[in-house]
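Here the structure comes first, spelled out in structure tokens, and everything after it is commentary.
Keep in mind that what you see is a predicted model, and the values were worked out from it rather than measured. Only this structure's heavy atoms are used, side chains among them; waters, hydrogens and symmetry mates stay out. Convention: sequence-line order gives letters A, B, ...; per-chain numbering from 1.
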Amino acid sequence: MLGRIDLKGEALNLDHTFGCGQIFQWRKEEEGWLGAVGGQAVLLRVEDDALFFRSERSLRDELERFLSLDLRYDEIIRGSDLDAFSLSLLRDYRGLRILRQDPWACLVTYMVSASLSIRAIDRVLGRISAGMPALRLDEHVVNDFPGPNEFLSVRRPKKGYLGRKWEYLRTAAAEATNGRLDFDRLRLASYDDAWRSLVLSKEGHLLGVGPKVADCMLLFSLEKREAFPMDRWVMRGLSHHYGWLLPEEVAVRIRKGKEALSRGEYAGISGRARSYFGELGGLVQECLFLHMRTAGSRPPSV
DNA sequence: GCCCAGGTGCGGC
DNA sequence: GCCGCACATGGG
């Protein structure tokens, strides 16, 4: 069926939204962006202030939620008090929306992502879902992503594949199936409580989930819009455009090409970023990430 | 071959 | 706490 969702003036740019790196396993086809939502394959395209979707059954509610169409970003941005550079980022990438991904798939994505390239991440996720039933839409095929239970019976592609990460993923899957890892509870918790529960507390502590992965989880699937994941690209962007958020010695070090942060440094900068950007933090972070990766911005060579 | 990629765990101070 | 290193995979 073909469905239409009126955007009511709210901006939606699918290239920015699916191309910015917040989600993997989506492809741009001639007819639009192809991926899986709610266990179905779907094609998305924006035209004339409306989102058109093609799928077997209607996905209206799922898509409104997935694309966070309930959020009026333009209004939030108008009411904000951000600096000129942030506003120019938000303008350049207008229509980039933070998705509400499935928490389990999101957790796997970012546990896998550690120290891999974007291409490698996409390839690994493809291998993980390769054995899943194919979701079809006309001539298009996508693989659904295995849930925690299904993941436990996914065959390791080859001996030693992903190394320790594979064991971490299996442990996380077990925690999710036995309920000790409770995504709904994390969704309802405050940013601080949810972050601590993912990273720090002995109970519920997940190997393979550090500060950055936790922030990605919180932002991309658990509705913590103030979460501000900081990877190498974002740190370069911060040192370049938001120097005042960083301790001087960290800014200097990054300009020399050493972006790695200690836990303490991460926590400190994250706190400053969250209090400065507020609920627009996650959105600015994604715009900055996209900007740093596409605009070819490099730190000034010192 | 070597370097770098959406970091994290671990052992050594 | 902080530092240095190992860790897997894939592309340039």
Side-chain angles (χ1 to χ4, degrees), chain A residues 16-26 93 96 98-99 101 105-130 156-172 195-196 198-202 204-221 227-240 247 249-250 253-254 256-271 273 281-299 301:
Chain A
H16 293 157
T17 298
F18 290 103
C20 71
Q22 66 177 314
I23 194 164
F24 295 81
Q25 298 291 102
W26 278 72
Y93 301 109
L96 192 167
I98 303 296
L99 298 165
Q101 299 182 39
C106 187
L107 178 61
V108 174
T109 297
Y110 287 97
M111 283 177 73
V112 162
S113 79
S115 191
L116 290 185
S117 67
I118 301 241
R119 276 188 77 118
I121 297 164
D122 197 54
R123 187 175 293 266
V124 169
L125 294 173
R127 291 185 76 160
I128 288 176
S129 50
R156 201 169 189 167
K158 58 181 175 184
K159 196 176 161 199
Y161 187 72
L162 288 181
R164 292 186 297 204
K165 275 185 196 170
W166 188 262
E167 310 306 328
Y168 298 161
L169 289 170
R170 287 187 59 87
T171 304
W195 192 88
R196 271 196 289 270
L198 285 170
V199 179
L200 292 180
S201 70
K202 304 219 165 61
H205 174 69
L206 292 170
L207 286 176
V209 179
K212 153 67 169 61
V213 172
D215 273 334
C216 289
M217 266 293 280
L218 294 175
L219 177 61
F220 300 134
S221 70
F228 197 89
M230 297 185 296
D231 59 25
R232 315 170 189 243
W233 290 98
V234 172
M235 288 314 298
R236 280 172 211 160
L238 288 178
S239 75
H240 218 132
E249 69 272 18
V250 175
R253 212 176 63 216
I254 291 167
K256 288 183 188 161
K258 287 181 184 268
E259 294 105 350
L261 298 178
S262 70
R263 291 269 167 121
E265 286 169 340
Y266 190 103
I269 300 166
S270 166
L283 187 61
V284 172
Q285 185 273 357
E286 269 317 271
C287 291
L288 182 61
F289 179 75
L290 186 53
H291 175 73
M292 295 305 290
R293 288 180 42 81
T294 56
S297 313
R298 303 292 306 172
S301 46

(request) Between B:dG11 and C:dA8, how far apart are the P atoms? Round to whole Å, please. (result) 15 Å

Go through [options] for me and flag the one nearest to the [X] side chain.
X      : options               : result
A:R263 : B:dA5, B:dG9, C:dT9   : B:dG9
A:R127 : C:dG10, B:dC10, B:dA5 : C:dG10
A:L207 : B:dC10, B:dA5, B:dT8  : B:dC10

Is any side-chain N or O of [X] closer than 4.0 Å to OP1 or OP2 of [N]?
X      : N      : answer
A:R123 : C:dG11 : yes
A:R236 : B:dA5  : yes
A:R232 : B:dA5  : yes
A:S262 : C:dC2  : yes
A:R164 : C:dA6  : no

By the 4.0 Å heavy-atom rule, please label [X] as base, sugar-phosphate, or nothing.
X      : result
A:Y168 : sugar-phosphate
A:L261 : nothing
A:E167 : nothing
A:V213 : sugar-phosphate
A:G264 : sugar-phosphate
A:Y110 : base
A:E265 : nothing

(message) Measuring from atom CZ of A:F24 to atom CD1 of A:I118, what distance do you get when rounded to the nearest 0.5 angstrom?
(response) 4.5 Å

(request) Would you check if A:L206 and A:V213 make a side-chain contact, meaning some heavy-atom pair closer than 4.5 Å? (result) no

(request) For A:L116 and for A:R119, locate the closest nucleotide of DNA chain C by heavy-atom distance; then report the residue assigned to the nucleotide nearer the 5' terminus. (result) A:L116

(request) For A:R253 and C:dC2, give me the distance from atom CZ to atom C1', rounded to whole Å. (result) 10 Å

